[in-house]
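To keep things clear, I will list the structure first and then write my remarks on it.
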Amino acid sequence: TFADKNAGNGKTVTCTGITLSGTNAGNYSLSAASASKTSAASITKRLITIKANDQTITYGSSITTGTAQVTISSGTLATNDALVGITLTQSTTNYTTNGSITPSAATIKDSNGTGNAMTTNYTISYDTGVLKINKASLTPSVNTCNDKVYDASASATCTISLATPTLSLTAKSTAYT
């Protein structure tokens, strides 16, 4: 039995309950001191790759975050370990057909009731997912159009508002009736 379950080099391993078996076992006796021995061995880190799921959102929206938005695309978690946290970062917040979502900072804990951090027992690689951001629809609304004195033109001055204050709208022509 290893001294603990965590990855590391030169860990103490204790062998207990050593018994003799086989055809010639009766020809030997095992001293009490030989029934338990210690040695050293290593537990190497488990290799996994975490990939962000592809997402399509509309401009002005945020990507969906959380562990349900990634998959373990290579390797597996050890029995009783669970991915409980992940950071997802989008490459842009503007319209794009080929952005990316980058996963990082995974948190792995054991789920057998203790909730101990297990992330250090893994070597984690990360793969990006594809991010598509669709253009948002805008519907301008005309607030008011100003009265004017006859000037032999059909031009008009109107106040138009949009749903977002960071855009402006210029009308190329306005019919005045």
Side-chain angles (χ1 to χ4, degrees), residues 1-13 39-145 156-175:
T1 307
F2 278 94
D4 63 52
K5 64 182 179 179
N6 297 314
N9 296 322
K11 299 177 81 73
T12 300
V13 178
S39 185
S42 297
I43 299 175
T44 58
K45 292 184 177 193
R46 185 178 282 252
L47 304 174
I48 61 170
T49 301
I50 297 175
K51 182 186 181 312
N53 296 343
D54 298 344
Q55 293 189 42
T56 300
I57 61 173
T58 300
Y59 175 79
S61 301
S62 298
I63 60 171
T64 304
T65 59
T67 58
Q69 300 307 313
V70 297
T71 56
I72 297 177
S73 59
S74 176
T76 59
L77 294 177
T79 301
N80 294 324
D81 283 358
L83 179 65
V84 296
I86 190 80
T87 298
L88 295 174
T89 306
Q90 61 190 75
S91 62
T92 184
T93 57
N94 296 318
Y95 165 78
T96 184
T97 58
N98 197 26
S100 61
I101 301 171
T102 304
S104 63
T107 302
I108 300 169
K109 292 189 176 185
D110 65 12
S111 59
N112 63 2
T114 61
N116 292 325
M118 295 290 121
T119 308
T120 58
N121 292 314
Y122 292 85
T123 298
I124 305 171
S125 301
Y126 298 99
D127 286 340
T128 59
V130 175
L131 172 63
K132 293 181 183 176
I133 300 178
N134 295 325
K135 294 179 180 182
S137 297
L138 285 179
T139 304
S141 58
V142 176
N143 292 341
T144 60
C145 289
T157 302
C158 297
T159 304
I160 299 172
S161 63
L162 297 172
T164 176
T166 60
L167 296 176
S168 60
L169 180 67
T170 302
K172 292 190 179 213
S173 65
T174 305

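On a predicted model such as this, the values are computed, not experimentally measured, just so you know.
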- Query: Shortest non-hydrogen contact from N53 to V70?
  - Reply: ND2-N, 3.6 Å
- Distance, nearest 0.5 Å, that separates CD1 of I48 from OG of S73: 9.0 Å
- Message: Give me the atom names and distance for the closest heavy-atom approach of A106 to L83.
- Response: CB-CD1, 3.8 Å
- For the atom pair OG1 (T56) and CG (L131), what is the distance rounded to the nearest 0.5 Å? 7.5 Å
- Item | Note, I124 side chain near I50 side chain (heavy atom, < 4.5 Å) | yes
- Short side-chain to backbone donor-acceptor contact, S111 and N80, under 3.5 Å: yes
- Item | Side-chain donor or acceptor of T119 paired with backbone N/O of I108 under 3.5 Å | yes
- Distance, nearest 0.5 Å, that separates CD1 of I63 from CD of Q69: 8.5 Å
- Item | Exam field: side chain S91 to backbone S100, donor-acceptor pair closer than 3.5 Å | yes
- How long is the span from the CG atom in L47 to the OG1 atom in T76, to the nearest 0.5 Å? 10.5 Å
- Query: Looking at OG1 of T89 and OH of Y126, how far apart are the two atoms once the value is rounded to the nearest 0.5 Å?
  - Reply: 11.0 Å
- Item | CA sep, side-chain torsions, deciding dist, call: N94, I133, side-chain contact (heavy atoms from CB on, under 4.5 Å) | CA-CA 7 Å; N94 296 318; I133 300 178; 6.0 Å; no
- Once you round to the nearest 0.5 Å, how far does OG1 of T96 lie from CD1 of I57? 10.5 Å
- Query: With a 4.5 Å limit on heavy-atom distance, are the side chains of T67 and V84 in contact?
  - Reply: no
- Identify the two heavy atoms, one from T92 and one from Q90, that lie closest to each other, and give their separation to 0.1 Å. O-NE2, 2.9 Å
- With a cut-off of 6.0 Å (strictly less than), are more than 12 heavy atoms of other residues, nucleotides or ligands near NZ of K109? no
- Which atom pair, heavy atoms only, marks the closest approach of Y95 to Y59? N-CD1, 4.3 Å
- Would R46 and I43 count as a side-chain contact (heavy atoms from CB on, under 4.5 Å) if you check the C-alpha gap in whole Å, the side-chain angles of each, and the deciding distance to 0.1 Å? CA-CA 9 Å; R46 185 178 282 252; I43 299 175; over 6 Å; no
- Query: At their closest point, which heavy atom of L88 faces which heavy atom of A52, and how far apart are they?
  - Reply: CD2-CB, 4.1 Å
- Using a strict 4.0 Å threshold on nitrogen-to-oxygen distance, state whether D110 and K5 make a salt bridge. yes
- Task: Determine the minimum heavy-atom distance between N121 and A7, stating which atoms define it.
- Result: OD1-N, 2.6 Å
